[in-house]
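What follows is one structure encoded as structure tokens, with my remarks underneath.
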Amino acid sequence: MNDRYDSVILHFVVRVVMIPLIIVFGIYVLLHGELSPGGGFQAGAIVAAALLLVRLALGNRQAALRIPQGLLIWLACIGLGIYMFGGILPLILGANFLDYAPIPVEWYNQFAGEHRTPRSMGIFIIEFGVFFGVAAVLVLIYDLIAGSSRQ
Amino acid sequence: MIWWLELSLFGLLVVAALIALSVRDMIAAVATLSVYSFLAATLLALMGAVDVALTEAALGAGVTGVLLVGAVSVVDRRTPD
């Protein structure tokens with residue numbers, strides 16, 4: 001599974017069709033997570049599936065080098081940090097831990113032209129954290145397994 | 001109207017699980033397990049749990065199959081039992 005399989009059709013379909021579609025769908029699931037089915041966990045799994053598809057089709061030795069393992073560990077820790085930030089920010093603003101009510105959203109509503117409530121803004125922050133954590137850890141698990149395979 | 005669709009999907013689900021348990025080749029077992037996960041995701045979406053179905057389709061049918069193929073490449077491909 002570390003070797004590259006040379007096929008024009010496989011490389012064209014994976015690079016041009018599959019990968020942009022899967023990543024755009026993952027970002028859609030992430031950004032509409034608090035209103036429709038989906039969320040940070042599902043979006044992270046979908047984007048991680050796209051990255052694993054690159055590794056399977058284009059060869060693990062070439063594709064895995066694009067994202068080094070240290071960066072993946074940092075991304076997972078940054079995801080946990082975003083989650084902690086979403087929890088501690090209401091604590092600084094005078095409410096309980098993970099109580100999203102006092103989060104200021106007026107600047108964001110003016111900037112993006114939306115009508116977002118403070119609670120959906122808090123869930124939005126936390127979903128970003130879960131997204132980075134899940135995507136980075138799933139890709140990291142695959143890299144560690146593929147690095148220890150015999151073939 | 002939709003009960004026969006759910007019933008046939010459930011029958012295919014049981015068949016896929018039995019094949020995944022009884023086949024000797026590990027790669028074939030992983031592929032059949034992905035089929036099982038996709039059928040389970042379809043059943044969950046039919047029953048209205050779209051969130052769970054999305055998770056099952058992304059994790060069960062996508063990422064878990066890839067990780068199990070990686071695990072099979074570490075151990076022997078054919079199993080005696």
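Since the model is a prediction, treat every value here as computed from it, not as a measurement. Chain letters run A, B, ... following the sequence lines, proteins first and then strands; every chain starts at 1.
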Derivation and outcome, side-chain contact (heavy atoms from CB on, under 4.5 Å), residues A/L138 and B/L59: CA-CA 10 Å; A/L138 282 176; B/L59 270 184; 4.0 Å; yes
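With rounding to the nearest 0.5 angstrom, the CG atom of B/L67 is 6.0 Å from the CD1 atom of A/I141. Rounded to the nearest 0.5 Å, atoms CD (A/Q42) and CG (B/L54) are 5.0 Å apart.
Under a cut-off of 6.0 angstrom, the local environment of CZ in A/F97 is crowded, with over 12 non-hydrogen atoms contributed by other residues, nucleotides or ligands. Residue A/Y108 qualifies as enclosed at atom OH: its count of foreign heavy atoms under 6.0 Å is above 12. More than 12 heavy atoms of other residues, nucleotides or ligands shown are found within 6.0 angstrom of CZ on A/F124.
Hydrophobic cluster membership is shared by A/F41 and A/M84, with clusters built from Ile, Leu, Val, Met, Phe, Trp and Tyr side chains linked at under 4.5 angstrom. Residues B/V14 and B/L9 are members of one and the same hydrophobic cluster, defined by side-chain heavy-atom contacts under 4.5 angstrom among Ile, Leu, Val, Met, Phe, Trp and Tyr.
Under the 4.5 Å side-chain criterion, counting only non-hydrogen atoms from C-beta, B/V63 is not in contact with A/Y142.
Between the side chain of B/D51 and the backbone N or O of A/P37 there is no donor-acceptor pair closer than 3.5 Å.
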